[in-house]
Structures are given as structure tokens and as C-alpha cells.
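Below: the structure, in C-alpha cells.
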Amino acid sequence: GDVSGKGTRAAMTAAMSGGMVNVLARRGGPLEEVAEQVNAALRAKIEKRMFAAVCLASIDSARRELTFVNAGLCEPLLRSGDTATYLSAEGTSFPLGACGRASYRSRTVALSPGDVVVLYTDGVPEAEGRGGAQWGYDAFAGFLRGLPAATLSARQLRDAIVREVARLTGRPRPADDVAVVVVKAL
């Protein structure tokens with residue numbers, strides 16, 4: 001996830017939203033309910049211009065299924081074979097805390113052995129190169145397609161993405177937050 005703003009208010013929003021998601025997710029309810037409950041609670045507790053963009057995901061390894069609810073975060077990227085496809089959300093995709101009543105719906109995607117799912121914040125595709133141009137979503141998907149996913153672990157894929165962002169920006173620390181989670185189906 002990612003929160004709007006910077007500083008203490010953003011840190012508090014991140015801590016509250018992360019804590020709420022953690023508590024509610026551990027109860028084992030549907031991801032839609034977790035998102036809706038956190039949304040309502042955050043809306044009551046944070047300033048109106050603040051929000052938390054979050055993609056809640058669970059994996060059923062026995063069935064090889066990814067289920068997710070996207071509340072304002074970048075669309076997950078699925079690498080399957082030689083393709084890389086962005087996974088759109090079902091229903092509302094407002095960030096948590098951004099609007100009072102939001103009805104979230106989950107989406108379930110079947111995974112094949114070797115498939116890779118990348119969850120990430122906007123600091124990845126919006127990473128600015130030395131000339132000020134953003135990397136972009138198409139270039140990010142193309143980069144993922146070009147990686148030898150069959151021979152790399154999830155950690156190695158994640159590290160390759162982070163290294164590429166650093167290479168593009170020319171800085172070890174990009175201007176925006178970069179968070180990357182990579183899941184590889186076995």
C-alpha cells in the first residue's frame with residue numbers, strides 16, 4: 001500500500017490503515033469486507049485529503065488462485081508465459097478513506113505454474129529518468145516480459161525491478177516511495 005502526503009500525517013495514516021487491515025485480515029473474513037470496514041473507519045479518523053491506496057491479496061496455493069481487492073493502488077501485473085497483463089479490479093477502486101461509502105469486490109485469478117504476480121506502488125512506473133520522463137506502465141510491463149522469469153525466484157525478480165528503477169532514476173533512492181511484492185506460482 002501507499003498513503004497520500006508526507007510527514008507525520010501520512011505516517012499516522014499508514015500505521016492506522018496497516019494495523020486495521022492486519023487485525024481484520026487475521027479474522028479470516030472476505031477481502032471485500034476488510035476493505036469496506038477499513039475504509040469506513042479510516043474515513044472517520046483521517047483528514048478528508050488523506051487516504052491509503054491498498055491492494056489486499058490472498059493466495060490459495062492448493063488451488064493456485066490469487067484473490068485481490070484493489071483500493072486505489074496500481075493494478076497488479078501478471079506475467080504468464082511471454083505475456084504481462086495488468087489485472088483490473090472488480091467494482092470500486094477508491095483508496096481507503098477517500099469516500100464514505102465504497103463497495104469493494106474481489107477478483108480471483110487462476111495461476112499456472114511459473115506465473116508471476118507483481119504488486120507495486122506508483123513509484124515504480126512513475127520513476128523519472130534523468131531527463132524527467134517517467135518510466136511508464138507499458139515500459140514496466142515490457143521490462144517484466146523481458147526477464148527470464150522461469151529461471152528467477154520471486155526475490156530475484158523483485159530485486160531486478162528495484163535495480164531497474166534505481167538505474168533509470170540514476171539515484172539509489174528514488175524521489176517517490178517504491179514498494180514491490182513479487183509472488184511466483186510453483
Side-chain angles (χ1 to χ4, degrees), residues 1-22 25 31 34-35 38 42 46 49-59 66 68-80 83-89 93-98 107 109 111 115-149 151-185:
D2 197 4
V3 297
S4 60
K6 305 238 182 271
T8 305
R9 289 184 181 135
M12 291 301 295
T13 301
M16 280 192 296
S17 60
M20 289 180 206
V21 166
N22 193 12
L31 294 177
V34 172
V38 173
L42 268 183
I46 61 177
R49 294 179 309 275
M50 299 296 293
F51 58 83
V54 177
C55 185
L56 304 175
S58 66
I59 296 179
L66 168 80
F68 71 96
V69 169
N70 194 345
L73 203 65
C74 300
E75 292 180 339
L77 185 54
L78 170 65
R79 162 80 188 266
S80 184
T83 66
T85 308
Y86 287 100
L87 301 174
S88 59
S93 61
F94 293 118
L96 301 179
R107 178 176 176 190
V109 178
L111 301 174
D115 282 357
V116 172
V117 178
V118 182
L119 306 168
Y120 56 95
T121 58
D122 62 354
V124 174
E126 294 176 8
E128 290 186 5
R130 292 178 185 103
Q134 292 185 349
W135 189 16
Y137 289 86
D138 290 340
F140 176 41
F143 176 77
L144 185 62
R145 269 192 309 275
L147 291 174
T151 61
L152 297 176
S153 69
R155 175 175 284 156
Q156 290 170 319
L157 291 164
R158 180 207 59 202
D159 291 349
I161 294 166
V162 172
R163 275 193 310 275
E164 184 65 6
V165 169
R167 187 192 72 73
L168 288 167
T169 62
R171 296 178 231 130
R173 292 180 53 93
D176 194 6
D177 297 331
V178 171
V180 180
V181 175
V182 176
V183 177
K184 186 171 182 179

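In this text, all values refer to a predicted model and were calculated from it rather than measured experimentally.
In terms of heavy-atom proximity, Val69 sits nearest to Ala35 at CG1-CB, 4.0 Å. The two residues Phe143 and Ala160 make their nearest non-hydrogen contact at CZ-O, 3.6 Å. Here the closest non-hydrogen pair linking Ala52 and Val3 is CB-CG1, 4.0 Å. In plain terms, the two heavy atoms of Ala53 and Gly72 that are nearest each other are CB-O, 3.5 Å. Across all their heavy atoms, Leu56 and Leu31 have their closest contact at O-CD1, 3.7 Å.
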In sequence, state the C-alpha distance, the side-chain angles, and the governing distance for Val183 and Leu111, and then conclude on side chain to side chain contact (heavy atoms under 4.5 Å, CB included).
CA-CA 11 Å; Val183 177; Leu111 301 174; 5.5 Å; no

Can Phe94 and Phe51 be said to form a side chain to side chain contact (heavy atoms under 4.5 Å, CB included), step by step?
CA-CA 9 Å; Phe94 293 118; Phe51 58 83; over 6 Å; no

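Within the 4.5 Å cutoff, side-chain heavy atoms of Cys55 are placed close to those of Pro76. At a threshold of 4.5 Å between non-hydrogen side-chain atoms, the residues Ile46 and Met16 count as touching. By the 4.5 Å heavy-atom criterion applied to side chains, Arg158 and Val181 are not counted as neighbours.
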Listed pairs under 3.5 Å, donor-acceptor, residues 117-132 side chains, sequence neighbours left out:
residue: Tyr120; atom: OH; partner: Glu75; partner atom: O; Å: 2.7
residue: Thr121; atom: OG1; partner: Asp177; partner atom: O; Å: 3.3
residue: Thr121; atom: OG1; partner: Ala179; partner atom: N; Å: 3.0

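The list of side-chain hydrogen bond (donor to acceptor under 3.5 Å, both in side chains) pairs with a residue in residues 7-18, not counting sequence neighbours, reads Arg9-Glu47. The salt bridge (Lys or Arg N to Asp or Glu O under 4.0 Å) contacts involving residues 13-22 comprise nothing, where partners must be two or more places apart or lie in separate chains.
Applying the side chain to side chain donor-acceptor pair (under 3.5 Å) test to Gln134 and every residue at least two apart in sequence or in another chain returns nothing. Take Ser93 and apply the side chain to side chain contact (heavy atoms under 4.5 Å, CB included) test, not counting sequence neighbours, and it matches Ala89. Residues passing the salt bridge (Lys or Arg N to Asp or Glu O under 4.0 Å) test with Arg167, sequence neighbours excluded: Glu164.
Ring-plane geometry between Phe140 and Tyr86 is classed as tilted, the angle between the planes lying from 30 to 60 degrees on a 0 to 90 degree scale.
Formation of a donor-acceptor pair under 3.5 Å by the Lys184 side chain with backbone atoms of Leu157 is not found in this model. Here the side chain of Arg79 pairs a donor or acceptor atom with the backbone of Leu147 at under 3.5 angstrom.
With values rounded to the nearest 0.5 angstrom, Leu87 atom CG is found 7.0 Å from Leu66 atom CG.
Heavy atoms of other residues, nucleotides or ligands lying less than 6.0 angstrom from CG of Asp138 number 12 at most.
Screening Leu73, Val109, Ile59 for a side chain to side chain contact (heavy atoms under 4.5 Å, CB included) with Phe68, the sole residue that qualifies is Val109.
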